[in-house]
**Student:** 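My structure is below; once you've seen it, I'll send some questions.
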Amino acid sequence: MTPRFDVIGLVVTDMAATLAFYRRLGLVFPEGSEDQPHVEAELPGGIRLAVDTEETIRSFHSGWRPPADGGGRVSLAFGCDSPAEVDSAYEDLVGVGYHGELKPWDAFWGMRYAVVHDPDGNGVDLFAPLPAPE
């Protein structure tokens, strides 16, 4: 049997802040998850996003430490239906206080692209195909 990709895991400092961020991007977590040490959301295609607090990870890996530079080591990408939705999602997240790393721009590879940081500094890309040139 071959192992199959099943879970993307994030280690977070503040569960409530992280869930609020990802809920704004449409992910669904069980009600009351903010106080849990481990939470999962089902993603399209059956993959799961697992969110664990730092304390949870240290409970079984006592030597675990967050990255020394303070930045995340994971990047997630959320596809949008249109370039305007990229702009809207970026403005929504930045407007409520999340860090905007790269403002929306038309990338040379044919997409509207932007990057925001979740509460732990992980890059979250927002993208949509640009209309085909006429």
Side-chain angles (χ1 to χ4, degrees):
M1 181 174 159
T2 303
R4 64 181 174 79
F5 184 62
D6 188 59
V7 176
I8 299 166
L10 297 177
V11 180
V12 305
T13 302
D14 182 331
M15 182 67 79
T18 298
L19 296 186
F21 177 87
Y22 286 103
R23 282 178 172 146
R24 289 190 85 86
L25 288 168
L27 296 187
V28 177
F29 295 94
E31 193 68 33
S33 296
E34 295 77 6
D35 297 323
Q36 299 300 312
H38 172 89
V39 181
E40 294 183 7
E42 178 113 3
L43 304 176
I47 302 293
R48 294 171 291 144
L49 176 66
V51 183
D52 292 288
T53 62
E54 292 177 357
E55 293 79 18
T56 299
I57 301 304
R58 285 190 193 106
S59 75
F60 61 85
H61 181 6
S62 62
W64 182 88
R65 299 290 176 263
D69 65 4
R73 301 282 187 205
V74 172
S75 167
L76 302 177
F78 284 75
C80 298
D81 290 332
S82 68
E85 187 179 1
V86 171
D87 295 358
S88 176
Y90 179 88
E91 292 303 324
D92 174 62
L93 292 165
V94 171
V96 296
Y98 298 108
H99 176 258
E101 178 67 16
L102 288 174
K103 291 181 180 182
W105 62 291
D106 293 342
F108 63 86
W109 58 84
M111 292 183 165
R112 184 76 171 164
Y113 224 87
V115 180
V116 293
H117 286 164
D118 75 6
D120 290 286
N122 296 304
V124 177
D125 301 355
L126 306 168
F127 68 93
L130 291 169
E134 293 182 23

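Along the sequence shown, the residues carry numbers beginning at 1.
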**Student:** Check whether Met111 and Leu25 end up in the same hydrophobic cluster, where Ile, Leu, Val, Met, Phe, Trp and Tyr are linked by side-chain heavy atoms less than 4.5 Å apart.
**Tutor:**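 Result: no, two separate clusters.
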
**Student:** Please tell me whether Val51 and Ile57 are part of a single hydrophobic cluster in this structure, the criterion being side-chain heavy atoms less than 4.5 Å apart.
**Tutor:**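 Shared cluster, no.
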
**Student:** Is there side-chain contact between Tyr113 and Leu102, with heavy atoms separated by less than 4.5 Å?
**Tutor:**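 No, every pair of side-chain atoms sits at 4.5 Å or beyond.
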
**Student:** Which pair of heavy atoms, one from Arg58 and one from Pro66, lies closest together, and at what distance?
**Tutor:**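 Smallest interatomic distance, heavy atoms only, reads NH2-CD, 3.8 Å.
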
**Student:** In the structure I gave you, are the side-chain heavy atoms of Phe78 and Leu27 within less than 4.5 Å of one another anywhere?
**Tutor:**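 They are in side-chain contact.
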
**Student:** Minimum heavy-atom separation for Cys80 to Ala128, with atom names?
**Tutor:**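 Heavy atoms only, the tightest pair is O-CB, 3.5 Å.
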
**Student:** Could you tell me whether the side chain of Pro131 reaches within less than 4.5 Å of the side chain of Pro83, counting heavy atoms only?
**Tutor:**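 Yes; the side chains approach each other to less than 4.5 Å.
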
**Student:** Looking at every heavy atom in both Leu130 and Ala107, which two are closest together, and how far apart are they?
**Tutor:**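 Residues Leu130 and Ala107, closest heavy atoms: CD1-O, 4.2 Å.
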
**Student:** Could you check whether any side-chain heavy atom of Glu54 comes within less than 4.5 Å of a side-chain heavy atom of Thr13, counting everything from C-beta outward?
**Tutor:**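 Result yes, sub-4.5 Å side-chain heavy-atom pair found.
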
**Student:** Do you know the tightest heavy-atom contact between Arg23 and Pro30?
**Tutor:**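 Arg23 and Pro30 have their closest heavy atoms at NH2-O, 3.2 Å.
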
**Student:** Taking the six-membered ring for Trp, are Trp105 and Phe108 parallel (under 30°), tilted (30 to 60°) or perpendicular (over 60°)?
**Tutor:**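 Ring orientation of Trp105 relative to Phe108: tilted.
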
**Student:** Grab the two heavy atoms, one from Gln36 and one from Thr53, that are nearest each other, plus how far apart they are.
**Tutor:**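 Scanning both residues, the minimum pair turns out to be O-CG2, 4.1 Å.
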
**Student:** Is the side chain of Asp52 donor-acceptor paired with the backbone N or O of Thr56 at a distance under 3.5 Å, no angle test?
**Tutor:**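 Looks like no, no N/O pair under 3.5 Å.
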
**Student:** Hey, is CG on Asp6 packed in by over 12 heavy atoms from elsewhere, all under 6.0 Å?
**Tutor:**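 It does: Asp6 CG has more than 12 such atoms within range.
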
**Student:** Given the rule that I, L, V, M, F, W and Y join up when any side-chain heavy atoms are under 4.5 Å apart, are Leu43 and Phe29 in one cluster?
**Tutor:**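 Looking at the clustering, Phe29 is in the same group as Leu43.
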
**Student:** What's the spacing between Tyr22 OH and Asn122 CG if we round to 0.5 Å?
**Tutor:**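 Interatomic distance, Tyr22 OH to Asn122 CG, rounded to 0.5 Å: 5.5 Å.
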
**Student:** Looking at every non-hydrogen atom in both residues, tell me the closest pair between Tyr98 and Pro119 and how far apart they are.
**Tutor:**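 Of all heavy-atom pairs spanning Tyr98 and Pro119, the closest is CE2-CG, 3.9 Å.
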
**Student:** Check whether any side-chain heavy atom of Leu93 lies under 4.5 Å from a side-chain heavy atom of Val124, and answer yes or no.
**Tutor:**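 SC-SC contact between Leu93 and Val124 ruled out.
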
**Student:** Would a distance-only check, ignoring hydrogens and angles, find a side-chain to backbone donor-acceptor pair under 3.5 Å from Tyr90 to Leu126?
**Tutor:**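 No.
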
**Student:** Do you see a donor-acceptor pair shorter than 3.5 Å between the side chains of His38 and Glu40?
**Tutor:**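 His38 vs Glu40: donor-acceptor pair found between side chains.
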
**Student:** Nearest 0.5 Å, please: how far is CG in Leu10 from CE in Met15?
**Tutor:**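 That separation rounds to 9.5 Å.
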
**Student:** Would you mind reporting whether Val12 and Leu19 have side-chain heavy atoms less than 4.5 Å apart?
**Tutor:**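 A side-chain contact under 4.5 Å is absent here.
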
**Student:** Would you check if His99 and Glu101 make a side-chain contact, meaning some heavy-atom pair closer than 4.5 Å?
**Tutor:**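 Counting from C-beta outward, His99 and Glu101 do come under 4.5 Å.
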
**Student:** Using the rule that two of Ile, Leu, Val, Met, Phe, Trp, Tyr join whenever any of their side-chain heavy atoms come within less than 4.5 Å, decide whether Val7 and Val39 are in one cluster.
**Tutor:**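 Different clusters.
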
**Student:** Looking at side-chain heavy atoms only, is the closest gap between Ile8 and Leu76 below 4.5 Å?
**Tutor:**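 Yes, at least one pair of side-chain atoms sits under 4.5 Å.
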
